[in-house]
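Quick note: numbers below take in every heavy atom, side chains included, and nothing from hydrogens, waters or symmetry partners. Order of the sequence lines sets the chain letters (A, B, ...), proteins ahead of strands, with each chain counted from 1.
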Number of protein chains: 2
Amino acid sequence: MWPIRGMLADAGVTEQQWRVLRVLDEEGPMDPTSIAERAVLLLPSLTRILQKLEDKGFVTRERDESDRRRQIIRATETGRHIIAVNMDTSRKILTDLRERLGDDRHEVLIDLLNELTALDD
Amino acid sequence: MWPIRGMLADAGVTEQQWRVLRVLDEEGPMDPTSIAERAVLLLPSLTRILQKLEDKGFVTRERDESDRRRQIIRATETGRHIIAVNMDTSRKILTDLRERLGDDRHEVLIDLLNELTALDD
DNA sequence: CGCACTTTGTTAACTTGTTAAACAAAAGCA
DNA sequence: TGCTTTTGTTTAACAAGTTAACAAAGTGCG
């Protein structure tokens with residue numbers, strides 16, 4: 001799992017920036033609140049992350065004219081490029097991990113972690 | 001697990017400060033490097049945490065005269081009092097969690113997490 | 001002895017989690 | 001319409017993880 005950080009460092013993004021970009025890449029443009037939910041980030045964190053992503057030219061923001069409190073964030077071509085270039089490596093790191101841990105144990109682990117977080121609702 | 005934070009917030013310490021105090025309480029005075037190892041903290045983090053604990057009067061530092069690079073950190077009476085007062089609640093929160101998850105699942109979870117971290121060595 | 005190398009700990013800089021507070025736009029309502 | 005409440009987002013402030021740079025003390029070797 002660790003190698004993910006190295007890969008992202010080389011790509012010039014942090015883990016959270018990567019998650020946000022992936023959400024936008026996979027689900028299309030959306031407002032910050034939805035991104036935060038899907039990327040499991042609190043809004044104040046997301047605010048800062050979006051500022052960095054915007055500075056780097058990986059996302060753009062646009063006011064939603066039908067509700068001017070809202071914004072629509074979209075990944076730029078450059079932003080989507082980061083995903084495209086690193087997705088294979090990312091997937092490989094995860095499948096390697098799954099393999100090293102064992103398919104069955106990996107699944108049990110995920111289930112137990114989900115159960116654990118479900119306890120806090 | 002969450003209730004731990006509430007308990008500690010009431011006690012006026014953070015999770016990491018609590019961990020450091022527990023290490024010192026359970027294993028006696030020791031140098032920062034050893035504390036970091038036992039509390040699973042990086043030294044730069046520990047440096048800050050010890051400063052806060054010292055400010056609050058929960059620990060004291062003393063130079064090791066046989067090797068003047070080293071320090072010996074010890075919990076004060078006040079520091080140990082924090083542990084004494086909150087230890088029961090802390091233990092109860094953990095046994096409650098174990099119970100809610102199920103003894104067997106709890107154990108499997110711990111094992112899998114250990115296995116996972118062991119993969120990174 | 002003098003100098004390179006190692007160990008211990010700190011500081012700095014950056015990113016994020018977290019909580020609380022601030023704000024502006026929109027909605028609901030008298 | 002004017003006022004209160006709700007919603008979406010940002011800002012502020014503090015603690016911690018992480019990496020790099022650095023100072024001081026100790027070690028070892030020519």
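To the nearest 0.5 Å, atoms CG (B:D25) and CD1 (B:I83) are separated by 5.5 Å.
Using a 4.0 Å heavy-atom cutoff across all strands shown, B:Q71 reaches sugar-phosphate atoms only and no base atom. Counting any heavy atom pair closer than 4.0 Å across all strands shown, A:R61 reaches sugar-phosphate atoms only and no base atom. Counting any heavy atom pair closer than 4.0 Å across all strands shown, B:T14 reaches sugar-phosphate atoms only and no base atom. A:T33 comes within 4.0 angstrom of the backbone, heavy atoms only, and of no base.
Rounding to whole angstrom units, CZ of residue A:R63 and C1' of C:dA26 are separated by 13 Å. In this structure, CG of B:L46 is placed 11 Å from C1' of C:dT10, rounded to the nearest angstrom. Remark: C1' of C:dT15 and CG of B:L42 are 14 Å apart, rounded to the nearest angstrom. If you measure from atom CZ of A:R70 to atom C1' of C:dA26, you get 10 Å, rounded to the nearest angstrom. Between the CH2 atom of B:W2 and the C1' atom of C:dT19 there is a distance of 11 Å, rounded to whole Å. Summarising the geometry, the separation between CG on B:L41 and C1' on C:dT10 is reported as 16 Å, rounded to the nearest angstrom. Rounded to whole Å, atom P of C:dT18 lies 15 Å from atom CG of B:L8. Separating the CD1 atom of B:I35 from the C1' atom of C:dG9 is a distance of 12 Å, rounded to the nearest angstrom.
For B:S34 and B:D31, the side-chain atoms include at least one donor-acceptor pair closer than 3.5 Å.
Each of A:I73, A:T14, A:L53 was checked for a side chain to side chain contact (heavy atoms under 4.5 Å, CB included) with A:V20, and the lone residue meeting it is A:L53. Between A:R74 and the options A:T60, A:V59, A:L24, a side chain to side chain contact (heavy atoms under 4.5 Å, CB included) holds for only A:T60.
Reading DNA chain D from its 5' end, the first and the last nucleotide to sit under 4.0 Å from a heavy atom of chain A are D:dT7 to D:dT18.
Looking at B:R98, its side chain never comes within 3.5 Å of a backbone N or O of B:D103 through a donor-acceptor pair.
At C:dT11, one or more side-chain N or O atoms of B:Q51 fall inside 4.0 Å of OP1 or OP2 (strictly under the cut-off). Within the structure, every side-chain polar atom (N or O) of B:R5 is placed at least 4.0 Å from both OP1 and OP2 of C:dT19.
Ionic pairing of B:R70 and B:D67 is present here: one or more N-O contacts between side-chain nitrogen and carboxylate oxygen are shorter than 4.0 angstrom. Electrostatic pairing of A:D96 and A:K92 counts as a salt bridge here, judged by a charged N lying under 4.0 Å from a carboxylate O.
Between A:S66 and A:L43, it is A:L43 whose nearest contact on DNA chain C lies nearer the 5' terminus. Residue order along DNA chain C, read from the 5' end via each residue's closest nucleotide, puts A:R48 first among A:D64 and A:R48.
Listed nucleotides: C:dA26, C:dT18, C:dT16. Nearest to the side chain of A:R69: C:dA26.
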